[in-house]
Amino acid sequence: MKIPTFPTLAACGLSMLQPLFAAETADTIYHNGAIITINDKHPTAEAVAVKDGKILAVGELAEINKASGENTRKVDLNGKTMLPGFVDSHGHTYMIGIQATSANLLPPPDGPGKDIASIQKLLSEWAAENPEAVKKVGWIAGFGYDNSQLAEQRHPTKEDLDKVSTDLPVLIIHQSGHLGVANSKALELAGITSDTENPKGGVFRRKEGSKEPNGVCEEYAFFMLVAKLVGQFDNKINDALVVEGAKLQSSFGYTTVQEGRAIGSGLAAMERVAESGTLPVDLVAYPDVLEVKDPKPSMEYKNHYRVGGVKLTIDGSPQGKTAWLTKPYFKPPEGQDKDYRGYAAIDEKSTIEAVDKAFKNGWQILCHCNGDAASDRFLAAIKAAQEKYPDVQNRPVLIHGQVLRKDQVDLIKELNVFPSLFPMHTFYWGDYHRDSVLGPARAENISPTGWVLEHGMMFGSHHDAPVALPDSMRILSATVTRKTRTGKVLGPEHRVKVDTALKALTIWPAWQHFEEKTKGSIEVGKIADFVILSENPLTIDEDLLADIKILETIKEDKSVYKRPEKGAKKIQPAPFGITVDEHFCSDEHDHDEPMIKPVCGDGCFNHGLSLMLRAIEHAEKEKSK
């Protein structure tokens with residue numbers, strides 16, 4: 001697979017502009033800014049003309065102005081930078097909505113969850129601020145804690161969460177999304193006791209020296225608990241989660257988003273939301289191939305929605321130490337011996353059958369493979385399927401590839417597998433990978449973008465939200481600098497130039513989705529999806545890339561997000577619609593962490609469970625009729 005240059009469409013040359021103008025008048029002309037086209041033949045432009053939601057012309061302002069008419073709208077970029085809208089290489093729109101309806105336990109810089117006491121305080125305060133919602137839903141939930149970033153360097157236990165409540169079930173979700181912790185009441189309601197066996201592909205961690213669950217639940221054991229919570233959501237709640245998840249992603253510049261593992265109520269909600277016409281951006285869903293029998297993939301969007309293929313998950317999370325490795329973890333998790341290597345979430349037979357099913361039906365398949373043992377199993381299944389179905393061109397995708405070996409990168413190229421990588425890990429968990437998960441040597445090569453580029457391959461850079469915020473500029477920064485939280489460069493050979501990293505957010509994931517002819521670059525004939533940035537990423541200091549602000553997101557020539565003026569200079573769109581409150585965070589005070597309060601701001605999220613409350617109240621009214 002070669003790194004494509006994506007040449008300009010024939011109509012993009014200036015010689016073709018004048019004939020177009022003779023018959024076409026632009027609806028909108030964007031000008032007076034740095035326009036980065038992600039088109040190697042014409043990388044920059046002075047202006048862009050748009051007609052009926054598609055790009056009419058790209059080039060010099062004098063030429064573009066020939067498309068101007070009496071009703072043409074002129075958008076002055078005021079020196080800001082415009083790029084094609086970002087394309088989500090891997091994320092979970094529906095789950096981002098769940099993140100929005102729970103207490104924010106993320107560690108700094110995305111939240112205040114720095115130790116167990118902080119988590120207890122955040123949960124208690126959140127419950128106190130939403131008493132009616134908690135009463136109606138019957139749960140206290142929090143999202144985003146990270147044991148690797150907690151001062152105690154451990155997971156909270158059921159006893160820790162019992163201090164929040166012994167009457168109500170309390171459930172907190174790890175930032176990886178692969179494990180969580182329940183209090184005693186939640187375990188009781190789920191029927192989990194000392195006699196409960198570990199489910200296949202999951203673990204109930206136990207108190208040392210006994211079989212009593214300590215509250216920490218991994219993988220499928222954890223999903224049992226989540227099902228108890230999500231099972232209480234009605235259609236209104238589920239629909240709201242989809243819409244609000246998409247809105248949050250649009251606030252980070254995404255015009256095409258992804259639900260990377262759709263099942264059950266979430267999948268049904270996406271279909272209903274699409275029918276209602278309320279999706280602000282394009283959403284591509286990938287139903288779980290093991291759980292959804294008839295996913296019905298399509299290349300055509302209907303009301304901004306389509307099913308792109310299917311999803312398979314082989315292992316877990318490296319920072320949660322549930323990813324499946326070929327060599328032992330540097331420091332095994334509590335209760336495991338020195339030879340512990342994680343484990344597979346599904347068996348080999350299921351993997352082979354799932355991949356074969358996708359190829360037989362011509363479906364694209366995305367596969368979650370964090371550990372190198374998981375990648376070995378997926379690549380072997382791909383090789384067998386390609387030999388059996390040699391004419392199928394379905395662009396299979398390996399998701400994450402955190403612990404890819406160099407020989408596996410060779411095989412990925414040979415099999416034409418698209419690697420959707422997670423270089424943002426270098427910032428969030430790089431130090432932890434080095435010191436605890438993988439050790440110094442292996443940690444250098446997490447998300448090995450350098451090896452991929454050596455082979456002339458494309459790749460996608462993703463956020464996997466809600467594992468992290470869908471922060472496009474944090475992704476860009478991590479892909480370019482690979483700096484950890486402590487400022488150490490992890491794997492300098494895998495650092496990527498800014499223009500290449502931008503392709504991994506735009507044209508390359510567009511190719512991943514079979515949409516390179518319509519998205520991912522600013523070229524004539526493509527959809528007018530744009531993002532406007534506060535700074536030019538090609539000229540700003542690389543260490544400041546993460547500080548670039550998303551000022552506006554434009555979908556088919558219509559603005560779907562504008563950054564509020566208040567607080568815009570202080571922080572990125574924050575979790576759950578939190579906007580800086582000028583009253584608490586003034587320029588006169590230097591805070592390590594911005595003082596924030598929940599308002600309907602960036603992403604237009606409703607904080608806490610207020611969203612659930614309104615939905616439940618609506619459902620109850622309907623039931624009482």
Side-chain angles (χ1 to χ4, degrees), residues 52-53 85-88 91-102 230 233-287 295-296 298-308 465-466 470 513 515 518-519 527-531 550 552-564 573 575-577 599-619 621-622:
D52 296 330
F86 299 133
V87 179
D88 186 3
H92 301 275
T93 297
Y94 174 73
M95 287 296 291
I96 292 170
I98 293 178
Q99 181 186 42
T101 56
S102 58
V230 178
F233 293 0
D234 63 9
N235 287 352
K236 186 75 172 180
I237 291 174
N238 282 304
D239 293 359
L241 295 178
V242 174
V243 174
E244 299 302 330
K247 283 182 178 179
L248 181 59
Q249 287 175 284
S250 73
S251 75
F252 288 99
Y254 287 94
T255 50
T256 300
V257 301
Q258 183 190 106
E259 173 45 64
R261 182 178 179 260
I263 57 175
S265 58
L267 182 60
M270 285 182 276
E271 293 171 351
R272 285 193 303 271
V273 169
E275 287 294 329
S276 72
T278 53
L279 277 172
V281 293
D282 287 344
L283 170 59
V284 188
Y286 289 84
K296 300 178 181 177
S298 172
M299 291 294 181
E300 300 295 325
Y301 284 97
K302 182 179 180 182
N303 294 331
H304 294 299
Y305 174 75
R306 71 181 178 92
V307 172
H513 289 92
E515 297 186 60
T518 58
K519 296 177 180 176
I527 297 171
D529 290 352
F530 309 126
V531 58
I550 307 300
E552 187 171 7
T553 304
I554 297 161
K555 175 64 184 166
E556 295 174 23
D557 200 29
K558 294 180 180 179
S559 180
V560 294
Y561 169 79
K562 280 190 177 181
R563 185 170 178 78
F576 324 141
V599 295
C600 187
D602 300 315
C604 296
F605 264 88
N606 297 286
H607 66 285
L609 273 179
S610 58
L611 178 68
M612 278 193 203
L613 174 59
R614 288 197 302 276
I616 291 170
E617 288 175 337
H618 174 81
K621 289 178 182 177
E622 291 297 311

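In what follows, residues are counted from 1 in the order of the sequence shown. Predicted model only: the values in this text are computed from it and were never measured.
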Check against side chain to side chain contact (heavy atoms under 4.5 Å, CB included), Glu271 and Lys296: CA-CA 12 Å; Glu271 293 171 351; Lys296 300 178 181 177; over 6 Å; no
Value rounded to 0.5 Å, distance of CZ in Phe530 from NZ in Lys558: 14.5 Å
Minimum heavy-atom distance Ile550-Gly253, with the two atoms named: CG2-N, 3.7 Å
Donor-acceptor contact present, side-chain Ser559 to main-chain Ile554, <3.5 Å: no
Heavy-atom closest pair, residues Asp239 and Arg272: OD1-NH2, 2.8 Å
Salt-bridge criterion met for Arg306 and Asp282 (N-O under 4.0 Å): no
Within-4.5 Å side-chain heavy-atom neighbours: Lys302 and Glu275: yes
Stepwise side chain to side chain contact (heavy atoms under 4.5 Å, CB included) test for Asn238 and Val273: CA-CA 9 Å; Asn238 282 304; Val273 169; over 6 Å; no
Salt-bridge criterion met for Glu244 and Lys247 (N-O under 4.0 Å): yes
Intermediate values then yes/no, side chain to side chain contact (heavy atoms under 4.5 Å, CB included), Thr518 and Tyr301: CA-CA 12 Å; Thr518 58; Tyr301 284 97; over 6 Å; no
Pairwise distance CG(Leu267) to CZ(Arg261) - rounded to 0.5 angstrom: 12.0 Å
Asp557 side chain to Ala528 backbone, donor-acceptor under 3.5 Å: no
Exercise: identify the closest heavy-atom pair between Thr553 and Tyr254: CG2-O, 3.9 Å
Matching residue for Thr93 among Leu248, Val284, Leu279, Leu283 - test: side-chain contact (heavy atoms from CB on, under 4.5 Å): Leu283
Closest contact, heavy atoms only, Ala465 versus Ile96: CB-CD1, 3.5 Å
Where Tyr305 and Ala274 come nearest, the two heavy atoms and their spacing: CB-CB, 3.4 Å
Heavy-atom closest contact (Pro466 atom, His92 atom, distance): CD-CB, 4.0 Å
Evaluation steps, side-chain hydrogen bond (donor to acceptor under 3.5 Å, both in side chains), between Ser250 and Lys555: CA-CA 9 Å; Ser250 73; Lys555 175 64 184 166; over 6 Å; no
Side chain to side chain contact (heavy atoms under 4.5 Å, CB included) between Thr256 and Lys519, worked out: CA-CA 9 Å; Thr256 300; Lys519 296 177 180 176; 2.8 Å; yes
Spacing of Met95 atom CE and Glu259 atom CD [to the nearest 0.5 Å]: 8.0 Å
Spacing of CG belonging to Asp52 relative to CD1 belonging to Ile527, to within rounding of 0.5 Å: 13.0 Å
Value rounded to 0.5 Å, distance of CG in Leu241 from OH in Tyr94: 5.5 Å
Spacing of Met270 atom CE and Ser265 atom OG [to the nearest 0.5 Å]: 9.0 Å
